[in-house]
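I have placed the structure first, in the form of C-alpha cells, so that the comments after it can refer back to it.
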Amino acid sequence: MNEQMLNLLYRSLDGELSPTDQRRLDEALAQSDVLREEKDRVLAMRESLSAGAAQSFKPFFAERVINRLTAESEGRGAETFLESLSYVFRRVAFAGALAVIALAIFNIVTSDTVSATAALGVPEITIEEVIETPFESVLEALS
Amino acid sequence: MEREHLIDEDLIRDAREGDNRAFKELVRRYEPVVAATVIGMLGNCAEAEDVGQETFIRFYRALKNFRGDSSVKTYLTRIAINLSLNEIKRRKRKRLMFSQKPVDEFHDIADPRTRTEGGVDPEIVQRAVQELDDDFRSVVVLRLIDGYSTAETADILGIPLGTVLSRLSRAQKRLREALPHVYGG
C-alpha cells in the first residue's frame with residue numbers, strides 16, 4: 001500500500017486536506033480495494049475506541065469526592081487552629097522572654113553586685129543551707 | 001431546589017458559596033467526561049479513581065478563580081489529562097526504581113480471539129491504547145475517545161495543530177499494527 005496515500009487517508013479523518021490532496025486521495029480510493037479496506041478498518045477502530053470509552057468510575061463517585069472535600073476542609077480547620085495556637089504561643093513566649101530580661105536588668109540595677117545571682121534576684125544560699133534549713137525548722141516546730 | 005435543572009454557571013455560583021450539593025451535581029454531570037479521559041489514559045485501575053477524584057478537588061479549589069473562559073468540560077479535561085500524565089510519569093519512575101516490567105506485553109493484545117461475533121472487545125482496544133507512548137495516547141484519548149476536535153485537542157495539550165495531526169496519524173498506525181487480528185490486515 002502506498003505509504004503517502006495511507007498518510008493522506010489518516011489525515012483526511014482528522015483534518016481537512018487541501019483540494020489537491022483530497023482529489024489524489026479520492027482517486028486512489030477509487031482505484032485501490034486495499035486502500036478502501038484500510039479506510040473501513042481504521043473507521044471501525046475509531047468507532048470502537050469512542051464506543052468503548054469508560055463513562056463512569058465505581059458507583060457513588062460523587063459522594064466519595066464530596067466526602068474527601070469535607071474531610072480536607074475539616075483537616076484544614078484543625079490546621080488553622082494549630083496555626084493560631086502556634087502564633088499566640090510565639091508572641092506569649094517573646095513577651096515572656098522580654099519580661100525576664102527586664103526583671104534581670106532591674107535586679108542588677110537595684111543590687112550592689114553584678115552577678116547571675118543578683119540578676120535572678122535570689123539571696124545567696126549554699127546547698128547545706130538548703131538541706132539544713134527545713135530540717136531545723138521541723139525540729140523547732142516539734143520542740 | 002432541583003439542581004439537575006440548573007445550568008453550570010448557577011451551580012458554580014452556588015458551589016462557590018459553599019453549597020456542596022451544587023458541587024456534587026457538577027461532579028455527577030461531568031463524571032463521564034473525566035472518567036473517559038482518566039481511564040483512557042491510565043486504564044481502569046485504582047489510580048484512575050484517585051486521579052478522577054483529584055481532578056474534581058482541584059476544580060473545587062479553583063472555583064473562585066474560574067472565570068468561564070473555557071467550558072467546564074474543557075477545563076476539567078485539561079486538569080484530568082495533566083494529572084493523568086503526572087501519574088504516568090510517577091509510574092515510570094516507580095518502574096525504573098524497582099525495575100518492574102509493564103504488566104501487559106504488546107503481543108498479548110493482538111490475540112485473534114479478541115474479535116468477537118458481537119464486534120470488538122473494547123477492553124482489548126483500551127489495552128492497545130495503554131501501550132502507546134504518552135504523547136500519542138493523549139491525542140488519541142482526547143480526539144478519538146473524548147471526541148474533541150483536533151483544534152480543541154491542540155488547545156488542551158498546548159501543542160500545535162500540526163503536531164496533533166501527525167501524532168494522531170502515527171498513533172492510528174501503531175494501533176492498527178498492534179491489533180492486526182482485531183481489524184484484519
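Chain letters run A, B, ... following the sequence lines, proteins first, then strands; residues in each count from 1.
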To the nearest 0.5 Å, how far apart are [atom1] in [X] and [atom2] in [Y]?
X: B/Gln172; Y: A/Arg11; atom1: CD; atom2: CZ; value: 11.5 Å
X: B/Lys24; Y: A/Glu63; atom1: NZ; atom2: CD; value: 4.0 Å
X: A/Phe61; Y: B/Arg28; atom1: CZ; atom2: CZ; value: 12.0 Å
X: B/Leu179; Y: A/Met45; atom1: CG; atom2: CE; value: 7.5 Å
X: B/Asp146; Y: A/Leu49; atom1: CG; atom2: CG; value: 11.0 Å
X: A/Asn7; Y: B/Lys173; atom1: CG; atom2: NZ; value: 3.5 Å

May I ask whether B/Val140 and B/Leu165 are part of the same hydrophobic cluster, defined by side-chain heavy atoms of I, L, V, M, F, W, Y residues being less than 4.5 angstrom apart, directly or through others?
no
Closest approach of [X] and [Y], non-hydrogen atoms and distance?
X: B/Gln53; Y: A/Val65; answer: CG-CG2, 3.9 Å
X: A/Ala53; Y: B/Ile145; answer: CB-CG2, 3.3 Å
X: B/Asp50; Y: A/Arg68; answer: O-NH1, 3.9 Å
X: A/Lys58; Y: B/Glu49; answer: N-OE1, 3.9 Å

Residues of residues 98-107 of chain A with a heavy atom under 4.5 Å from any heavy atom of chain B, in residue-number order, are none
Answer yes or no: does atom CZ of B/Arg170 have more than 12 heavy-atom neighbours from other residues, nucleotides or ligands under 6.0 Å?
no
Does atom CZ of B/Arg21 have more than 12 heavy-atom neighbours from other groups under 6.0 Å away?
no
B/Glu25 versus chain A, heavy atoms under 4.5 Å apart: side chain, backbone, both or neither?
neither
Is B/Leu144 close to chain A through its backbone or its side chain, or both, or neither, when contacts mean heavy atoms under 4.5 Å?
both
Taking the side chain as every heavy atom from C-beta outward, state whether A/Tyr10 and B/Arg176 have any pair of such atoms under 4.5 Å apart.
yes
Are side-chain heavy atoms of B/Val34 and A/Phe57 found at a separation under 4.5 Å?
yes
Under a 4.5 Å heavy-atom criterion, the part of residues 147-162 of chain B in contact with chain A comprises B/Thr150, B/Gly162
Please list, in residue-number order, every residue in residues 37-46 of chain B that has a heavy atom less than 4.5 Å from any heavy atom of chain A; write 'none' if there are none.
B/Val38, B/Ile39
Residues in salt bridge (Lys or Arg N to Asp or Glu O under 4.0 Å) contact with A/Glu27, at least two apart in sequence or another chain
none
Only pairs of heavy atoms separated by less than 4.5 Å count here; which of A/Gln55, A/Glu47, A/Glu37 has the most with chain B?
A/Gln55
